[in-house]
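Sequence lines set the chain letters: A, B, ... in the order given, protein chains first and strands last, and positions in each chain run from 1.
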There are 2 protein chains.
Amino acid sequence: MGPVIEKETGHGATGDRILDAARVVFLEKGKAGARMHGIAAQAGINKALLHYYFRSKEDLYREVLTKELTVFFRGLIESIRPSGDIEALVRDFIDNYIDRLSRNPQVVRFLTWEVGSGGPVARNVIGGIVHGGEGVPIYRAFSNTVGDAARSGRIRPVDPQHLLFSLIGMCIYVFLAAPILSGVFPGVDTSDKTFLEKRKREIFDLVWYGIRAEKGGNDG
Amino acid sequence: MGPVIEKETGHGATGDRILDAARVVFLEKGKAGARMHGIAAQAGINKALLHYYFRSKEDLYREVLTKELTVFFRGLIESIRPSGDIEALVRDFIDNYIDRLSRNPQVVRFLTWEVGSGGPVARNVIGGIVHGGEGVPIYRAFSNTVGDAARSGRIRPVDPQHLLFSLIGMCIYVFLAAPILSGVFPGVDTSDKTFLEKRKREIFDLVWYGIRAEKGGNDG
DNA sequence: GTCTATATCCTGATAGAC
DNA sequence: GTCTATCAGGATATAGAC
């Protein structure tokens, strides 16, 4: 049989162990707070070998973050069916965004560190995914569905860009602010399925009642 | 005449220069990335004097962040009139939150760094402000107004806590993600008054249409 | 590829003169 | 209160044996 390829990362087995270890440490401490020694220890090797695989901390950080964000956002976008039905699209967006954030809380943490330091890596990755890709770029598809729904009189006219920002903001906020919110409002627990399902319903209701055309007003 | 007190921070003039300098450096680099040397240089003094005023980096960070967050959130809360009118309350909240974020973008940056490292300082400050204080605690007032509006049939029943999270999330997201968004969507500029006024309108409309009772249904 | 040992510089914090 | 000089340890990165 041919060569056994496990993850197809372009690094060997040790290289992958390093990436996993680096992921854990960067997540916990951020880029500046992370220590190459700590990453090597987490990977079960020493600093010299670490530098043999990745020339510098900067390189390692960029590689870890790019991989993490690419996997997350590609998966997210692929899971949102580019439906022409605005109601289904909104529901799918909220469902998928929250589900995936709750299954990948480390992504929020990475984004937090990254934004703190100006976000150069995230800007590249996300920009490429949102506007690039095969077929119709995802943002274009979203924008079209919103525009069509408004023209057909199903919803009132809304700015698709702002609607998108509102959706993202409402979904991601509780994850972002979790360390603070959980101390201020007991009961807020972003790992609790019940809380998240309620959060989904509240967001969907707010948005759907907030954009749908009033009854009797759909004579576009 | 009596002693001239300028800022009432509990430190002398040099202490205040240090706090200002530390604010700038912590803002740019975060706690781990900041260097005591850099802070001293920014303040025009040397490391020894810095340690004379503030025993450790940790102390200095806590003091800077506590001051920054306390001023911001106290000001924010005081500017939101605890109106019994839900529509006015929502509008005031959005107006004030966005105005104050746009005038104090550094607060978002501080919060970002702080949340990345687990948010212990922010948790204390915000918890104290939201639940403590004189008179009726602000969250209680908000919750009461929402509950009253639902009982009187002016809005549909909504969970006040989730409504609050949605409002905050929608307002703060564009500031938080600004470094990324401005690269992905040209035209997004959180220092542009026109953009922010549009953002306010879109949020208010979404929320207000999203919670108000439908016409003919207010016989609660 | 993996290790030990080391180079080189930087870090937060302190001692002690003025 | 403010400085120069310095400590003791830790940081990234490399040299070189195996």
Side-chain angles (χ1 to χ4, degrees), chain A residues 3-65 113-114 116-117 120-121, chain B residues 3-66 113-114 116-118 120-121:
Chain A
V4 177
I5 296 172
E6 291 206 345
K7 275 187 169 180
E8 197 62 77
T9 59
H11 305 271
T14 304
D16 285 342
R17 286 230 320 284
I18 292 176
L19 285 174
D20 285 346
R23 184 172 161 276
V24 171
V25 176
F26 280 130
L27 197 61
E28 186 66 26
K29 317 258 188 182
K31 182 167 75 172
R35 299 289 169 246
M36 294 299 265
H37 176 102
I39 294 172
Q42 175 81 22
I45 59 171
N46 56 48
K47 289 187 293 174
L49 194 57
L50 184 53
H51 278 92
Y52 173 79
Y53 276 88
F54 299 89
R55 195 167 301 271
S56 71
K57 191 183 181 180
E58 191 68 33
D59 282 3
L60 182 54
Y61 176 77
R62 198 172 331 117
E63 199 137 350
V64 167
L65 192 61
W113 287 122
E114 172 68 0
S117 58
V121 180
Chain B
V4 177
I5 296 172
E6 290 208 346
K7 275 187 170 181
E8 197 63 78
T9 59
H11 305 271
T14 305
D16 286 341
R17 285 231 320 283
I18 293 176
L19 285 174
D20 284 347
R23 184 171 162 279
V24 171
V25 176
F26 280 131
L27 196 62
E28 186 66 26
K29 317 258 188 182
K31 182 167 74 171
R35 299 289 169 247
M36 294 299 265
H37 177 104
I39 294 172
Q42 176 79 23
I45 58 170
N46 55 49
K47 288 190 293 172
L49 194 56
L50 184 52
H51 277 92
Y52 172 80
Y53 276 89
F54 299 90
R55 195 167 302 273
S56 70
K57 189 182 182 180
E58 190 68 31
D59 282 3
L60 182 54
Y61 176 76
R62 198 173 330 118
E63 199 137 351
V64 167
L65 194 61
T66 300
W113 287 122
E114 171 68 0
S117 58
V121 180

Next on the checklist: Show, in sequence, the C-alpha distance, side-chain angles and deciding distance for Glu58(A) and Lys31(A), and conclude whether the side-chain contact (heavy atoms from CB on, under 4.5 Å) test is met.
Outcome noted: CA-CA 8 Å; Glu58(A) 191 68 33; Lys31(A) 182 167 75 172; 3.3 Å; yes
Checklist outcome for this item: Nearest-nucleotide check on DNA chain C, Ile45(A) vs Tyr52(B); residue mapping nearer the 5' end is Ile45(A)
Checklist entry - Between dT4(D) atom P and Leu50(B) atom CG, what is the distance in whole Å? => result 14 Å
Next on the checklist: Please confirm whether the shortest side-chain N or O distance from His51(B) to OP1 or OP2 of dA13(C) is below 4.0 Å.
Outcome noted: yes
Item to check | Closest to side chain of Asn46(A), choosing from dA13(D), dA13(C), dC3(C) | outcome: dC3(C)
Checklist entry - When you match Lys47(B) and Gly44(B) each to their closest nucleotide on DNA chain D, which lands nearer the 5' end? => result Gly44(B)
Checklist entry - What's the closest nucleotide to the Thr14(B) side chain, out of dG12(C), dT2(D), dT12(D)? => result dT2(D)
Next on the checklist: Treating Glu63(B) as the side-chain partner and Leu19(B) as the backbone partner, does any N or O pair qualify as donor plus acceptor under 3.5 Å?
Outcome noted: no
Checklist outcome for this item: From CZ of Arg55(B) across to P of dA13(C) the rounded distance in Å is 11 Å
Item to check | Atom-to-atom span, NE2 of His37(A) to P of dT14(D) - whole angstrom | outcome: 19 Å
Item to check | His11(B) NE2 - dG1(D) C1' separation (whole Å) | outcome: 16 Å
Checklist entry - Considering only dC3(D), dT14(C), dT12(D), which nucleotide approaches the side chain of Leu49(B) most closely? => result dC3(D)
Item to check | Rounded interatomic separation in angstrom, taking CZ from Phe26(A) and C1' from dT12(D) | outcome: 12 Å
Checklist entry - Taking atom C1' of dA11(D) as reference, at what distance in whole Å does atom CD of Glu58(A) sit? => result 15 Å
Checklist entry - In terms of ring plane angle, is the pair Phe54(A) and His11(A) parallel, tilted or perpendicular, where the classes change at 30° and 60°? => result tilted
Item to check | Out of dA11(D), dC3(C), dC3(D), whichever nucleotide has its closest atom nearest the side chain of Ala48(B) | outcome: dC3(D)
Checklist entry - Atom CG of Asp59(A) to atom P of dT14(D): distance rounded to whole Å? => result 11 Å
Checklist entry - Of all the nucleotides listed (dT12(D), dT2(C), dT14(C)), which has the minimum atom distance to the side chain of Tyr53(A)? => result dT2(C)
Checklist entry - How long is the span from the CD1 atom in Ile45(A) to the CZ atom in Arg17(A), to the nearest 0.5 Å? => result 7.0 Å
Item to check | Flag, side chain of Asn46(A) to backbone of Leu49(A), donor-acceptor distance under 3.5 Å | outcome: yes
Checklist entry - Across the strands shown, which category fits Ala34(A) at heavy-atom distances under 4.0 angstrom: base, sugar-phosphate, nothing? => result sugar-phosphate
Item to check | Whole-Å gap separating P (dG12(C)) and OH (Tyr61(B)) | outcome: 15 Å
